[in-house]
Amino acid sequence: MKYRKTGEVRMAGTSTSTAAGQDTEASTDASTLAGPAPAPAPASTPRTGAHELGLLAVWTLTRAVLLLCVFRVIVTPGPDVTSDVTFIYQGWYDVLRTGTFPLDDVTWQYPPAAALAVLGPGLLPFLSYPAAFFLLSFVADAVVTGLLVHAGGRPGRTLRGVWVWTAGVALLGPTAYARYDLMVTALAVAALLAGARRARAAGAVAGLGALVKVWPVLLLVGAPRGAATRRSWGAAAAAAAAVALVSVVAMPGAFAFLAFQRDRGTEVESLGSLVFHVARHLGWPGTVQLNYGSVEFLGPYVPVVSTGAQVLSVAALGWLLLWRARARAWSVTTPADAAFAAVLLFTTTSRVISPQYLVWLVGVAAVCLAYRDSRMAVPARLVLVATLVTFLEFPVWFAHVVASDALGVTLLIVRNGLLVAAAFLACRTLWRQTVVEAAPALSPAAAAGSPASAR
C-alpha cells in the first residue's frame, strides 16, 4: 500500500583581505633579508589531513547505506519509499515523453520544470528507470557536497556546512534518494553560494529552481538592497519567465498543477493535522485517505484548518516583508540566514510537511553553517534532530501516524515542535542581527561603504 505523497554589519571580507595583504608584505620582506623570518599566521587554517579523511569516510559510508536501501538490499521498516519512483515517477516519465504533462493525474502537483527531473533518468537508457533515478540523486548529493567543500575552504568559511549536509541526508534515510527534492536542493545550494559574488547567476539558478519546485524563490529574500537585489531578482524573473514560456509552447498543461495544489487538504504529518489526530480520540467522524497523492484527513472542519495554514503562510510572508523593510545591515551571512528563516517559516506553516521537505532545510542550513560567523547553529541542530525524528515517523512508524495512536502523535508533536522552535529561533536571530543590533551601531556613512551593500 502506498502511503507517501509525491506532489510533493559585520563583514569578514575586510579583515581577511587586510590579513592577506600583511602576509604578502611579510613574505616579500623575508625574501630580501639574509636571515630567515618567522612566517606570519595564515588568514585561514588549511583543512587537510585527518579531518577531511574522517569526513570522506563518513560521507562514503552513509551514502553506501542509502544506496543499499533504495536498491532494497537493506530493507527499512515501514512502507517502501521507493514505490513512488517505480510506479508514479516512471508513469509520469512515460506521459511526458509523449509531449504533454500528466493532465489527468492529480498527483502531478509540480511546476513545469519538474519535468526535467522526471525525464532525467532517460539520459541513462542502459539502466532501469528506478536505478537511473537513484544514481542521479546520488550525483546531486555529491554535487552539493562538493560545492560545500569548496566553499568551506575559502577565508571566513568552515567545513561545518559539509558535516550538516552529510549528517542530515543520512538521518532522513532512503527517502532522500527516492524523491527529486535532492536535485532541487542542489540548485538552491548553488544559488546561495553563488549569491555571495554573482548576483545574476544566483538569481537565474533560483528562478530555475522555482520552476522546478517553487520554494527556491524564497532564497532571494535576503539579497542585499540595491544593485544586488535588482540583479538577482531580475535574473530570477527572466529565467523563470523563459522556462515557463518554453514549457507552455512545448507541451500543453504546463500549469495544470495549480488547480491540483488548490484542492489539497490537510496532510497527516502537517502542523495542522495535530488537531485531527487528537480529535479522532474525541469522536471526530473524519477519515484518513490517500488524496491528491498524499495521506490526508478528510471530513468536517478540514477546510477550516487548511485555510488556517494558508493564513499562517501569508502571515509568514508579511513578517519577511517587515524584516526586509526594517533591516539595517547585511553581513556576509545574511542572505543565507534569511533564506533559512524563510524556508523554515513556509515549511512549518504548510498544509503538507512531507519527509523530503527536510532535505530543503538541511541544504539551506548547511550553507548557513559554511560561514564561520553564522549564528544559525542552534536552529540548524534542531533541524537535524527533526530530520532524525522524521525518519522514525516515515517510514519506520508511519502506520502509527496514520492510526493516530500515542506513538504516532508523539512523533509528530516532537518533529513539528522542533521545526516551530527552529523557525522561531532563526527569525529571532535574523531580526536581532540585522535590525536590533545594527540600528545603533551602523551609521549611514558606514552602511554606504559596506561591501555587502555595494553588491
Asp141 and Tyr177: side chain donor to acceptor below 3.5 Å:
yes
Across all chains, not counting sequence neighbours, the side-chain contact (heavy atoms from CB on, under 4.5 Å) partners of Cys69 are Val65, Ile74, Thr76, Pro174
Report yes if some heavy atom in the side chain of Val362 is under 4.5 Å from a heavy atom in the side chain of Leu172; otherwise report no. no
| query | What do you reckon, is CZ of Arg324 surrounded by more than 12 foreign heavy atoms closer than 6.0 Å? | reply | yes
For Tyr129, the ring pair (Phe, Tyr, Trp, His ring centres under 6.0 Å) test, sequence neighbours excluded, returns Tyr93
- Do Arg280 and Ser404 have a side chain donor and acceptor closer than 3.5 Å? yes
- [ ] Step through it carefully: locate the ring centre of Trp431, locate the ring centre of Phe424, and say whether they are under 6.0 Å apart.
- [x] no
(message) Once you measure the plane-to-plane angle for Trp163 and His51, does it fall in the parallel (<30°), tilted (30-60°) or perpendicular (>60°) bin?
(response) perpendicular
Inset, instruction - Say whether Ser313 and Thr349, considering side chains only, have a donor N or O and an acceptor N or O under 3.5 Å apart. - result: yes
**Message:** Looking only at the aromatic ring of each residue, does the gap between the centers of Trp92 and Phe101 stay below 6.0 angstrom?
**Reply:** no
Aromatic rings Trp59 and Phe138: how do their planes relate, parallel, tilted or perpendicular, breaks at 30° and 60°? tilted
**Asked** Between Thr333 and Ser374, do the side chains contain an N or O donor and an N or O acceptor separated by less than 3.5 Å?
**Response** no
Legend entry - Check ion pair Arg375-Glu437 (N to O, under 4.0 angstrom): yes
Practice task
Compute whether any side-chain donor of one residue and acceptor of the other, for Trp330 and Thr434, lie under 3.5 angstrom apart.
Solution key: no
Open item on the list: If we count only N and O atoms by modelled type, under 3.5 Å, do the side chains of Thr390 and Arg415 hold a donor and an acceptor together?
Closed with: yes
*4.5 Å side-chain heavy-atom contact, Tyr89 and Arg179*: yes
